[in-house]
**Student:** 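Let me give you the structure first, and then I'll get to my questions.
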Protein chains: 2
Amino acid sequence: MIPMTSPPPPPIPAFQITQPLCAVFRRHLKELGQKYTPERAMILDTLIELDDVFQADQILSTLQDSGYRVSKATIYRTIKLLQDAGIIQQVLVDAEQAHYVLAYGRQPRDLLVNADTGEITTIEIPELAALRDKVCAQHGVKAQGHRLIVYATNS
Amino acid sequence: MIPMTSPPPPPIPAFQITQPLCAVFRRHLKELGQKYTPERAMILDTLIELDDVFQADQILSTLQDSGYRVSKATIYRTIKLLQDAGIIQQVLVDAEQAHYVLAYGRQPRDLLVNADTGEITTIEIPELAALRDKVCAQHGVKAQGHRLIVYATNS
DNA sequence: GTCGGTGCAAATGCTTTGCATTGAT
DNA sequence: ATCAATGCAAAGCATTTGCACCGAC
C-alpha cells in the first residue's frame, strides 16, 4: 500500500489506494470527463483488498462492516467503470452472481474452484495462450482473450 | 434419428429422440421414480437439434415455432433433470443467460465465442486436460472438470 | 385414489435505471 | 449556475416456486 499521490476528498481519511491502479482509474475517468469520487476510491481500495476474486455484494458488506455507506447502485456503476478501464474483468464462475478479478497489467487469470469448499483461487497455465491462439487461427479468427475455470475437489 | 423404443403419449406424434440420450434420460428418471413425459421428450429432442450450445429460451421458441406448447417452468425443470442425468452441462458464456452444451459421453467441450457475430462454437484443445490436472496436483486438489471460453474477433 | 407433472402467475434475487437531491468547480 | 454522482426505490430479467388441475397407473 502506497499513499495516494493526491488527497482524496475529506470524508474518507483512512483509504489509501495502491498507486498504479488508482492512477489508471483516475486517468480513465478524466478521459471520460468524470470524477474520482470518495465512493469510487473506497470501492477500488476495497476490491484490491478482497484478493483474487470478488463479487459486488462482498464490496458492499466489506464497506458496511467498516462503517462506510455506499449504495448498491454506486457499486454496480463503479464496477462497470472499472471494467471499462481494464482494471477488473468479469468472470462467470456460477450462475448466481457475477464474479470479478483484478485484470490490469496481468495475464488472463485462470481460476481454480474448489467444489468442496467453494474457495476460488487464481492459477497460471502459461502454455494455454499459445494453444488458444493456434485453435483460433485454425478457425480463422483472432483470439482476444479467454477464461478458464477448473473445478476440483479435495485430494 | 432412431424411433423411440416405447411409444410417446399421443399428443406428440412427430418427435423421435436420438436413442442413446433418450435411454440415458429414461434410466435416470426411472431411478428417481419419475416419468418420461411428452414434454420431457420434446425438450430433449429439441436441444439435440439445437446443435452445440443452446439457451433455455431457444428451446421454448423452437417448440413454439413448431406449434408445441410447453411452459417455461417445465423447460427449466427439465433442464435441471438433464443436468443431473449428465446429459447436458451448464456453461456460462455471458452474464445474461445460462447456456448449455450436450455433455453425455463427451470430453469437456471448450467454447469459442466470436465477439463480432455472437456465434458460439465448440473447439477441442486436447492438451488442456493434462495441463489442468498438473496444476491441480500442484495445488493439492483433484481436477473434476473445466470450462474454457475463448473470445475472438474476425480475422 | 394416489403421485407426480404441468401451466400459470407470483416470487426471488441480481442488476439496472429513473429521479430528486447533493456536491464540486 | 452547471454538470455529474449519489441514494433510494422501482423496474427488469432470467430463473424458481406455490398451487390448483390433470393424467397415468
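Everything numeric here is computed off the predicted structure, so don't read it as measured data. Naming convention: chains lettered A, B, ... in sequence-line order (proteins, then strands); numbering from 1 in each chain.
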**Student:** Provide, to the nearest angstrom, the distance between the CG atom belonging to L32(A) and the P atom belonging to dA4(D).
**Tutor:**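 The answer, rounded to whole Å, is 12 Å.
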**Student:** My understanding is that only residues two or more places apart in sequence, or in another chain, count here; which of them pass side-chain contact (heavy atoms from CB on, under 4.5 Å) with D65(A)?
**Tutor:**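 D65(A) satisfies side-chain contact (heavy atoms from CB on, under 4.5 Å) with no other residue.
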**Student:** Atom pairs, N/O to N/O, protein against nucleotides 7-11 of chain C, distance under 3.5 Å?
**Tutor:**
residue	atom	partner	partner atom	Å
dG7(C)	OP1	R69(B)	O	3.1
dG7(C)	OP2	S71(B)	N	2.9
dG7(C)	OP2	S71(B)	OG	2.8
dG7(C)	OP2	T74(B)	OG1	2.7
dG7(C)	N7	R77(B)	NH2	2.9
dG7(C)	O6	R77(B)	NH2	3.3

**Student:** Rounding to an integer number of Å, can you tell me how far Y68(A) OH sits from dT6(D) P?
**Tutor:**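 Checked: the OH to P distance equals 16 Å.
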**Student:** Under a 4.0 Å heavy-atom cut-off, which of residues 90-99 of chain A touch DNA chain C?
**Tutor:**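 Of all residues in residues 90-99 of chain A, the ones placing a heavy atom under 4.0 Å from DNA chain C are E96(A), Q97(A), A98(A).
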**Student:** Would you kindly confirm whether L111(A) and L148(B) end up in one hydrophobic cluster when ILVMFWY residues are joined by side chain heavy atoms under 4.5 Å apart?
**Tutor:**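 Result: no, two separate clusters.
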**Student:** Any side-chain N or O of Y76(B) below 4.0 angstrom from OP1/OP2 of dT15(D)?
**Tutor:**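 For dT15(D), OP1/OP2 do have a side-chain N/O of Y76(B) under 4.0 Å.
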**Student:** Between C1' on dG4(C) and NZ on K30(B), what's the gap in Å once rounded to a whole number?
**Tutor:**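 So the NZ-C1' distance, K30(B) to dG4(C), works out to 16 Å.
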**Student:** Hey, is the side chain of K35(A) poking within less than 4.0 Å of OP1 or OP2 on dT25(C), counting only N and O atoms?
**Tutor:**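 For K35(A), the contact criterion (side-chain N or O under 4.0 Å from OP1 or OP2 of dT25(C)) is not met.
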**Student:** So, applying side chain to side chain donor-acceptor pair (under 3.5 Å) with Q89(B), which one of H99(B), Q83(B), R147(B) is it?
**Tutor:**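 That would be R147(B).
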**Student:** Rounded to whole angstrom units, what separation is found between the CG atom of L29(B) and the P atom of dC25(D)?
**Tutor:**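 After rounding, the gap between these two atoms is 14 Å.
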**Student:** How many Å lie between CD on Q83(B) and C1' on dT16(D), as a whole number?
**Tutor:**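 Interatomic distance, CD of Q83(B) to C1' of dT16(D): 14 Å.
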**Student:** Would you kindly confirm whether I120(A) and V150(A) end up in one hydrophobic cluster when ILVMFWY residues are joined by side chain heavy atoms under 4.5 Å apart?
**Tutor:**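 Different hydrophobic clusters.
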**Student:** What is the separation between atom CD1 on I43(A) and atom P on dA5(D), rounded to the nearest whole Å?
**Tutor:**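 The distance from CD1 of I43(A) to P of dA5(D) comes to 13 Å, rounded to the nearest Å.
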**Student:** Provide, to the nearest angstrom, the distance between the CG atom belonging to L81(A) and the P atom belonging to dT15(C).
**Tutor:**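 Result: 16 Å.
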**Student:** Expressed in angstrom and rounded to an integer, what is the separation of K80(B) atom NZ from dG4(C) atom P?
**Tutor:**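 So the NZ-P distance, K80(B) to dG4(C), works out to 19 Å.
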**Student:** With no hydrogens and no angle check, is any side-chain donor or acceptor of D45(B) less than 3.5 Å from a backbone partner on I48(B)?
**Tutor:**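 Answer holds: no.
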**Student:** Can you name the side-chain contact (heavy atoms from CB on, under 4.5 Å) partners of T74(B), sequence neighbours left out?
**Tutor:**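 In terms of side-chain contact (heavy atoms from CB on, under 4.5 Å), with neighbours along the sequence ignored, T74(B) is linked to E39(B), I43(B), V70(B), S71(B), R77(B), T78(B).
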**Student:** Clusters formed by hydrophobic residues whose side-chain heavy atoms approach within less than 4.5 Å: which one holds L92(A), and what are its other members?
**Tutor:**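 So far as hydrophobic clustering goes, L92(A) is joined with L92(B).
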**Student:** Please tell me whether L47(B) and V101(B) are part of a single hydrophobic cluster in this structure, the criterion being side-chain heavy atoms less than 4.5 Å apart.
**Tutor:**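 Cluster IDs for L47(B) and V101(B) differ.
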**Student:** Among pairs that include at least one residue of residues 121-138 of chain A, which meet side-chain hydrogen bond (donor to acceptor under 3.5 Å, both in side chains), considering only residues two or more places apart or in two chains?
**Tutor:**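 Passing the test, one end in residues 121-138 of chain A: D52(A)-T122(A), R109(A)-T122(A), R132(A)-H146(A).
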